[in-house]
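Below is one structure, written out as structure tokens, with a few remarks after it.
Remember, it's a predicted structure, so these values are computed and weren't measured experimentally. If you read the sequence from its start, that first residue is 1, and numbering goes on from there. Note that ligands are numbered from 1 as they come in the structure, with each ligand's atoms numbered from 1 the same way. Computed from heavy atoms alone, side chains included, the values below leave out hydrogens, waters and symmetry copies.
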Amino acid sequence: MSGRGQNTVYAAARARRRPPPAPISRPRVRLSYNDIHKAIQASAPKIIKDFAPDLFIAIGGGGFIPARILRTFCKTTEDGKKRNIPIQAVGLTLYESLGGIEEQIGSEVVRVQWIDFSTLGSKLKHGGLLGRRILVVDEVDDTRTTLVYTIRELQKDINKQLALVTDEAERERLREATKLAIFVVHNKLKPKAGEVPEGVQYFSAVDTPDVWLAYPWECEDDIDEHDALRVNNPKVEDL
Ligand SMILES: O=P(O)(O)OC[C@H]1O[C@H](OP(=O)(O)OP(=O)(O)O)[C@H](O)[C@@H]1O
């Protein structure tokens with residue numbers, strides 16, 4: 001389940017020696033791999049047209065499979081040849097609060113993995129991020145805490161790399177050329193912990209009510225049964 005698995009909530013509760021929250025009673029919407037694939041496929045033309053990314057940063061673990069699917073539909077062209085867009089991974093753990101929405105907004109994000117700048121190829125002379133059109137990919141925008149954190153940290157890295165460019169005109173050119181955007185498969189329509197910063201484009205494949213999204217990669221039981229049970233998904237008009 002997501003955003004943020006129930007397991008994460010219980011782990012955070014254990015870590016803080018506080019009782020876990022009451023079980024979530026929101027309606028559950030089961031999603032198949034094909035649902036995710038089709039939603040991403042349908043979003044790709046707009047992403048290419050409006051942003052044309054040349055680097056993906058996948059937020060693990062939920063962003064990994066969506067980033068890989070999106071790469072199938074977005075290619076860059078270099079010297080007349082179509083090229084795959086590289087995918088970098090970041091790992092973030094959200095220590096969710098256990099109380100109401102005000103507390104949730106204060107959720108803490110812990111970095112467990114960050115970009116390997118040494119593998120950013122031809123743009124490395126500028127530090128790896130400069131001049132890139134960077135698309136941050138995740139499966140769900142729930143409270144938005146994770147996305148806001150990720151964009152803020154990436155912007156810090158970009159600023160550090162810009163500070164190393166001694167030629168002022170070149171620095172300004174690179175500042176202008178470096179772009180950030182967000183793609184999520186699902187955006188939950190609910191109060192958010194923060195705003196997407198100005199200048200950062202935002203794409204979501206599907207906007208959903210605040211339901212329990214049961215992703216196929218989280219299925220511990222029979223995946224065929226998970227798929228079959230999608231017939232029980234609540235109708236959008238009932239949510
Ligand atoms: O919008 P937010 O409230 O920040 O929540 C969204 C985040 O929560 C989930 O991660 P989770 O901690 O469940 O880890 P996972 O990706 O490994 O499942 C999800 O993958 C997003 O990254």
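Residue-ligand proximity, E139 to ligand 1, at heavy-atom distances under 4.0 Å covers atoms 19 (C), 20 (O), 21 (C). Below 4.0 Å from some heavy atom of V140 lie the following atoms of ligand 1, by number and element: 6 (C), 19 (C), 21 (C). Shown in contact with G61 at under 4.0 Å from a heavy atom are these atoms of ligand 1, numbered in order with element: 15 (P), 16 (O), 17 (O). Ligand 1 places these atoms under 4.0 Å from at least one heavy atom of G62: 15 (P), 16 (O). Those atoms of ligand 1 that come under 4.0 Å of a heavy atom in T143, given as number and element, are 1 (O), 2 (P), 3 (O), 4 (O).
Counting heavy atoms from C-beta on, the side chains of V184 and F203 never come closer than 4.5 Å.
W114 and Y149 have perpendicular rings, their planes meeting at more than 60° on a 0 to 90° scale where under 30° would count as parallel.
In this structure, H226 has its ring center no closer than 6.0 Å to that of Y215.
Selection from V112, L147, T146 by nearest heavy atom to atom 4 (O) of ligand 1 gives T146. Considering only non-hydrogen atoms, atom 22 (O) of ligand 1 lies nearest to D138 out of D138, T150, L213.
The distance from atom CD1 of I85 to atom CZ of R133, rounded to the nearest 0.5 Å, is 11.0 Å.
With respect to R26 and D210, a salt bridge is recorded, a charged nitrogen being found less than 4.0 Å from a carboxylate O.
Annotation for K75: atom NZ counts as buried by contact number, over 12 foreign heavy atoms lying within 6.0 Å.
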